[in-house]
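Notes follow once the structure below has been shown.
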Amino acid sequence: MTKLITLAKVAPALALAAVAAVTTLAGTGAAEARGGSKEYFVQHYTFKKPMHGFSGRAGNYMCDYQRLPNRVCVMDKNGNEKCRIKDWTLRQHCY
């Protein structure tokens with residue numbers, strides 16, 4: 001039996017993970033001390049339905065997300081392509 005993860009359980013965990021990852025890696029490195037650019041972080045999560053991620057500032061970084069459908073397509077006997085959404089990928093990125 002598969003247990004669905006609810007949005008109320010996942011959204012706070014994603015927000016905490018994004019803030020923890022950014023604040024851990026947001027220390028002053030050699031590139032930042034010279035005035036160089038910051039790193040770009042991307043994480044992917046897969047869910048059965050579209051979910052929201054963390055959007056906003058986390059330390060010195062700006063974070064946002066994308067919801068991407070994962071489609072499965074098959075050809076019918078007439079040569080028409082039929083597609084359905086199998087699951088969703090949540091792409092969380094901070095820059």
Side-chain angles (χ1 to χ4, degrees):
M1 175 186 271
T2 306
K3 188 175 183 180
L4 291 176
I5 301 172
T6 62
L7 178 61
K9 293 179 183 176
V10 174
L14 288 175
L16 287 175
V19 170
V22 170
T23 55
T24 301
L25 299 171
T28 56
E32 290 179 12
R34 290 189 310 267
S37 63
K38 296 183 289 186
E39 293 186 52
Y40 179 77
F41 301 98
V42 179
Q43 291 182 328
H44 294 89
Y45 306 93
T46 303
F47 298 102
K48 290 291 180 186
K49 58 184 183 177
M51 304 295 272
H52 290 278
F54 176 73
S55 184
R57 294 198 75 62
N60 197 22
Y61 287 80
M62 184 65 183
C63 297
D64 208 356
Y65 65 94
Q66 296 172 318
R67 292 180 287 184
L68 307 166
N70 298 323
R71 291 185 172 89
V72 175
C73 299
V74 294
M75 299 291 276
D76 65 6
K77 60 184 175 185
N78 297 327
N80 298 323
E81 188 175 41
K82 301 264 182 176
C83 296
R84 68 176 184 87
I85 297 175
K86 177 184 170 196
D87 53 15
W88 291 79
T89 296
L90 176 71
R91 179 187 297 157
Q92 182 76 43
H93 55 98
C94 298
Y95 47 94

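All values below come from the heavy atoms of this structure, side chains included, with hydrogens, waters and symmetry mates left out. Just so it is clear, the model here is predicted, and its values are computed rather than measured.
The backbone N or O of F54 sits less than 3.5 Å from a side-chain atom of Q92, completing a donor-acceptor pair.
Rounding to the nearest 0.5 Å gives a distance of 10.0 Å between CZ of R84 and SG of C73.
Shown here for H52 and L90, the closest heavy-atom pair between the two residues is O-CD2, 4.1 Å. Between P50 and R67, the shortest heavy-atom contact is CB-CD, 4.0 Å. Smallest separation of non-hydrogen atoms from C83 and R71: CB-CD, 4.5 Å.
With sequence neighbours left out, the side-chain contact (heavy atoms from CB on, under 4.5 Å) criterion links V42 to Y40, H44, R91, H93. Checked against side-chain hydrogen bond (donor to acceptor under 3.5 Å, both in side chains), T46 has no partners two or more places apart in sequence or in another chain. The side-chain hydrogen bond (donor to acceptor under 3.5 Å, both in side chains) test applied to D87 returns N70, not counting sequence neighbours. Legend: residues meeting side-chain contact (heavy atoms from CB on, under 4.5 Å) with K82, ordered by chain and number and at least two apart, are V74, D76.
Counting heavy atoms from C-beta outward, K38 and Y61 have side chains that approach closer than 4.5 Å.
Connection of Y65 to Y45 is established within a shared hydrophobic cluster, with ILVMFWY side chains joined at heavy-atom distances below 4.5 Å, either directly or through further cluster members.
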